[in-house]
Undergrad: 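Please read through the structure below; I'll follow up with questions.
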Amino acid sequence: MQQQYLINIDYSINSGQVFLWEKNGDIWYGINGADVLAVKENPFQINSFSQNSIDFFREKDELREIIQSITKDKVVRNAVKQFPGLRLLRQDPFQCYISFIVSSNSNIQRIKQILQRLCKKFGKKIIFEKKEFFVFPEPKKLANASKNDLLNCGLGYRTKSVKKASLAVSSGQIDFDLLKKISYQNAKKILLDVYGIGNKVADCILLFSLEKLESFPIDRWILRVLEKNYADKFRLTGKSLTEKKYDEMHEQIIDHFGPYAGYSQQFLFKMERDLNQKSWL
DNA sequence: TACTAACCTGTACG
DNA sequence: ACGTACAGGTTAG
């Protein structure tokens, strides 16, 4: 019964958490901050340019306990069964932060395109396993970028958000190490002060890069899952998700799914998008 | 407090 | 082909 706690790289990469990944043969290559990762399965193996081990695939998570904890109903049970080995990923915080600011009102293909352009224009070029990569730019670099250069990356109206958010980091207003240490609620409050970050984006950053596993990003896909399967359980009044409603819903979600709710979100999200045959990377 | 339109831009439909 | 809607949301009013 250990089998189901192995890691499935395809599921994990293709679940909307990351954008700067490419598959080459049976090896996935991905940008993670200033680092480049190379990953393959059977057996699972990960190499990195930096040689630092950051447990990107959260191999040390107690999946057995987590899965048991989130399996509170048959919907999650099905999703977990359908995607064995799907993992949350531990991302570089700054890259994650910018990625999800860029994701607003956009789609995966375009998000990827924009982020690739940012890397190419502002990131350092490195050679890893005989291949050329452009890593993710440093906060300072994006904070100092000209409006025009950013626009040329395809950011559109998100240019202002990216610039301000980068400045917030380079100036020290946003300190990811600190955010990791404090509570979910407090860290979220701080993130929400940044222009361009709302509830959903904040929750993505907290879940995917700041160790807040109780975070449960609610986007239109998850909303669909909840409406379809949990209409009786969670209050879903009205059309739009106002800030207050988002908070209320999160509270009900934690009550139901527990402290690892973020993992349940990832399974449900993956399931719903696959069901609708939406494309990934 | 609750609700809506507007927002850059590429791409998928009709 | 060519216009229009829509995309993992946020902000301003």
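Here is how names work: the chains are called A, B, and so on, in the same order as the sequence lines, proteins then strands, and each is numbered from 1.
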Undergrad: Mind calculating the distance between CZ (A/Arg224) and C1' (C/dG9) to the nearest angstrom?
TA: 14 Å
Undergrad: Less than 3.5 Å between a donor and an acceptor, one on the side chain of A/Tyr246 and one on the base of C/dG9, is that the case here?
TA: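 No pair found.
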Undergrad: Expressed as a whole number of Å, how far does the P atom of B/dC8 sit from that of C/dC2?
TA: 26 Å
Undergrad: Rounded to the nearest Å, what distance is computed from the NZ atom of residue A/Lys278 to the P atom of nucleotide B/dT11?
TA: 15 Å
Undergrad: Taking the side chain of A/Lys200 as heavy atoms from C-beta outward, which of B/dC3, B/dC7, C/dT10 is closest to it?
TA: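 Of the options given, the side chain of A/Lys200 lies nearest C/dT10.
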Undergrad: Measure from NZ or CZ of A/Lys164 to the centre of the six-membered ring of A/Tyr195 and say whether it is under 6.0 Å with the direction within 45° of the ring axis.
TA: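 Pair A/Lys164/A/Tyr195 counts as cation-pi.
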Undergrad: Nearest of B/dC3, C/dG9, B/dT1 to any side-chain atom of A/Ser104?
TA: C/dG9
Undergrad: So, is A/Lys160 near the phosphate of B/dC8, with a side-chain N or O under 4.0 Å from OP1 or OP2?
TA: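 A/Lys160 to B/dC8 OP1/OP2: no side-chain N or O under 4.0 Å.
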Undergrad: Whole Å only: how far is the CD1 atom of A/Ile108 from the P atom of B/dG10?
TA: 18 Å
Undergrad: Base, sugar-phosphate or nothing for A/Ser15? Non-hydrogen atoms, less than 4.0 Å.
TA: base
Undergrad: Using whole Å, what does the distance between atom C1' of nucleotide B/dG10 and atom CD1 of A/Ile114 come to?
TA: 9 Å
Undergrad: Do the side-chain N and O atoms of A/Asp61 and A/Tyr260 include a donor-acceptor pair separated by under 3.5 angstrom?
TA: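 Their side chains do not contain a donor-acceptor pair, so the 3.5 Å distance test is not met.
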Undergrad: Atom CG of A/Leu118 to atom P of B/dT9: distance rounded to whole Å?
TA: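 In whole Å, B/dT9 P and A/Leu118 CG are 14 Å from each other.
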Undergrad: Classify the nucleic acid contact of A/Glu272 as base, sugar-phosphate or nothing, counting any heavy atom under 4.0 Å across all strands shown.
TA: nothing
Undergrad: Between A/Lys278 and A/Glu272, does at least one N-O distance fall below 4.0 Å, as a salt bridge requires?
TA: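 Looking at A/Glu272 together with A/Lys278, the answer is no, because their closest N to O distance does not fall below 4.0 Å.
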Undergrad: Please lay out, stage by stage, how A/Glu138 and A/Lys124 fare under the test salt bridge (Lys or Arg N to Asp or Glu O under 4.0 Å).
TA: CA-CA 9 Å; A/Glu138 290 174 10; A/Lys124 213 172 93 185; over 6 Å; no
Undergrad: Starting from P on B/dC8, measure out to CD on A/Gln113 and report it in whole angstrom.
TA: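 For the pair A/Gln113 CD and B/dC8 P, the rounded distance is 18 Å.
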Undergrad: With rounding to the closest Å, how many angstrom separate the P atoms on B/dA5 and C/dA5?
TA: 14 Å
Undergrad: How far does the P atom of B/dG14 sit from the matching atom of C/dA7, given to the nearest Å?
TA: 14 Å
Undergrad: Does A/Val194 reach a base, just sugar-phosphate, or nothing at all? Heavy atoms under 4.0 Å.
TA: sugar-phosphate
Undergrad: Send over the distance from A/Asp193 CG to C/dT11 C1', rounded to a whole Å.
TA: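 A/Asp193 atom CG is separated from C/dT11 atom C1' by 14 Å.
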Undergrad: If each of A/Arg110 and A/Val201 is mapped to the nucleotide of DNA chain C with the nearest heavy atom, which maps nearer the 5' terminus, i.e. the 5' end?
TA: A/Arg110
Undergrad: For the residue pair A/Asp274 and A/Trp280, confirm or rule out a side-chain donor-acceptor distance under 3.5 Å.
TA: yes
Undergrad: Got a salt bridge between A/Glu22 and A/Lys112, using NZ or NE/NH1/NH2 to carboxylate O under 4.0 Å?
TA: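 Salt bridge flag = yes for A/Lys112 with A/Glu22.
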Undergrad: What contact category does A/Tyr195 fall into here, base, sugar-phosphate, or nothing, at under 4.0 angstrom with non-hydrogen atoms?
TA: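 Touches sugar-phosphate only.
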Undergrad: Counting Watson-Crick and G-U wobble pairs only, both distances under 3.5 Å, name the nucleotide matched with B/dC8, or none.
TA: none
Undergrad: Provide, to the nearest angstrom, the distance between the OH atom belonging to A/Tyr157 and the P atom belonging to C/dT11.
TA: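 Whole-Å distance recorded here is 11 Å.
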Undergrad: Between A/Asp219 and A/Leu192, who's closer to the 5' end of DNA chain C by nearest nucleotide?
TA: A/Asp219
Undergrad: Among the candidates C/dA7, B/dC3, B/dT9, find the nucleotide nearest to the side-chain atoms of A/Leu151.
TA: B/dT9
Undergrad: Using the C1' atom on both, measure C/dT10 against B/dT11 and round to a whole Å.
TA: 22 Å
Undergrad: Using a cut-off of strictly less than 4.0 Å, decide whether A/Arg220 has a side-chain nitrogen or oxygen near OP1 or OP2 of C/dG9.
TA: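 Answer is yes, contact under 4.0 Å.
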